[in-house]
Peer 1: 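Quick one: this structure, given as structure tokens, is what I'll be asking you about.
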Amino acid sequence: MSSSTDWPLWEVFVRSRRGLSHTHAGSLHAPDAEMALRSARDLYTRRSEGVSVWVVPSTAVTASSPDEKDSFFEPAGDKPYRHPTFYEIPEGVKHL
């Protein structure tokens with residue numbers, strides 16, 4: 001019989017309300033996606049704090065390293081048009 005630590009690791013993302021983004025809630029071990037989804041629901045939305053749950057195999061997640069922050073994000077620094085300060089907002093426009 002295999003233990004739960006032999007099962008793949010899944011990353012759990014929960015959206016607390018409609019219109020908000022999913023946020024990382026934690027990780028869990030499960031034998032397959034369906035069991036990971038059910039376990040995530042039971043572990044991370046016990047008090048009805050979620051409207052949507054995503055589970056992703058940890059092996060499918062690729063992330064940048066905080067140690068490489070400067071070199072990784074530097075190319076965006078020379079593109080000022082990506083910042084909202086570059087654009088003029090007309091006077092009649094509200095709530096931007």
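Computed from heavy atoms alone, side chains included, the values below leave out hydrogens, waters and symmetry copies. A quick note: this is a predicted structure, and the numbers were derived from the prediction, not measured.
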Peer 1: Are any of the side-chain heavy atoms of Trp10 and Ser27 separated by less than 4.5 Å?
Peer 2: no
Peer 1: State plainly whether one hydrophobic cluster holds both Met35 and Leu28, where clusters connect Ile, Leu, Val, Met, Phe, Trp and Tyr through side-chain heavy atoms under 4.5 angstrom apart.
Peer 2: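 Per the 4.5 Å side-chain linkage, Met35 and Leu28 are not co-clustered.
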Peer 1: According to the side chain to side chain donor-acceptor pair (under 3.5 Å) rule, which pairs have a member within residues 56-67, sequence neighbours left out?
Peer 2: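 For residues 56-67, and leaving out neighbouring residues, the side chain to side chain donor-acceptor pair (under 3.5 Å) pairs sorted by first residue read Glu11-Ser58.
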Peer 1: Take Val12 and Trp54 through the test side-chain contact (heavy atoms from CB on, under 4.5 Å) and record every step on the way to the result.
Peer 2: CA-CA 6 Å; Val12 179; Trp54 292 348; over 6 Å; no
Peer 1: Any side chain to side chain donor-acceptor pair (under 3.5 Å) pairs touching residues 35-46, not counting sequence neighbours?
Peer 2: Glu34-Arg38
Peer 1: Please report the shortest heavy-atom distance between Ala40 and Val53, naming the atom on each side.
Peer 2: CB-CG1, 3.8 Å
Peer 1: Are Val55 and Leu43 linked, directly or through other ILVMFWY residues, by side chains that come within less than 4.5 angstrom of each other?
Peer 2: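 As far as the 4.5 Å side-chain criterion goes, Leu43 and Val55 are connected within one cluster.
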Peer 1: Ala25 and Val14: which non-hydrogen atoms are nearest, and at how many Å?
Peer 2: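 Looks like CB-CG2, 3.8 Å.
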Peer 1: My understanding is that only residues two or more places apart in sequence, or in another chain, count here; which of them pass side chain to side chain donor-acceptor pair (under 3.5 Å) with Ser52?
Peer 2: His22
Peer 1: Do His24 side-chain atoms and Phe13 backbone N/O form a donor-acceptor pair below 3.5 Å?
Peer 2: no
Peer 1: What about Val51 and Leu20, same hydrophobic cluster or not, with Ile/Leu/Val/Met/Phe/Trp/Tyr joined at side-chain heavy-atom distances under 4.5 Å?
Peer 2: no
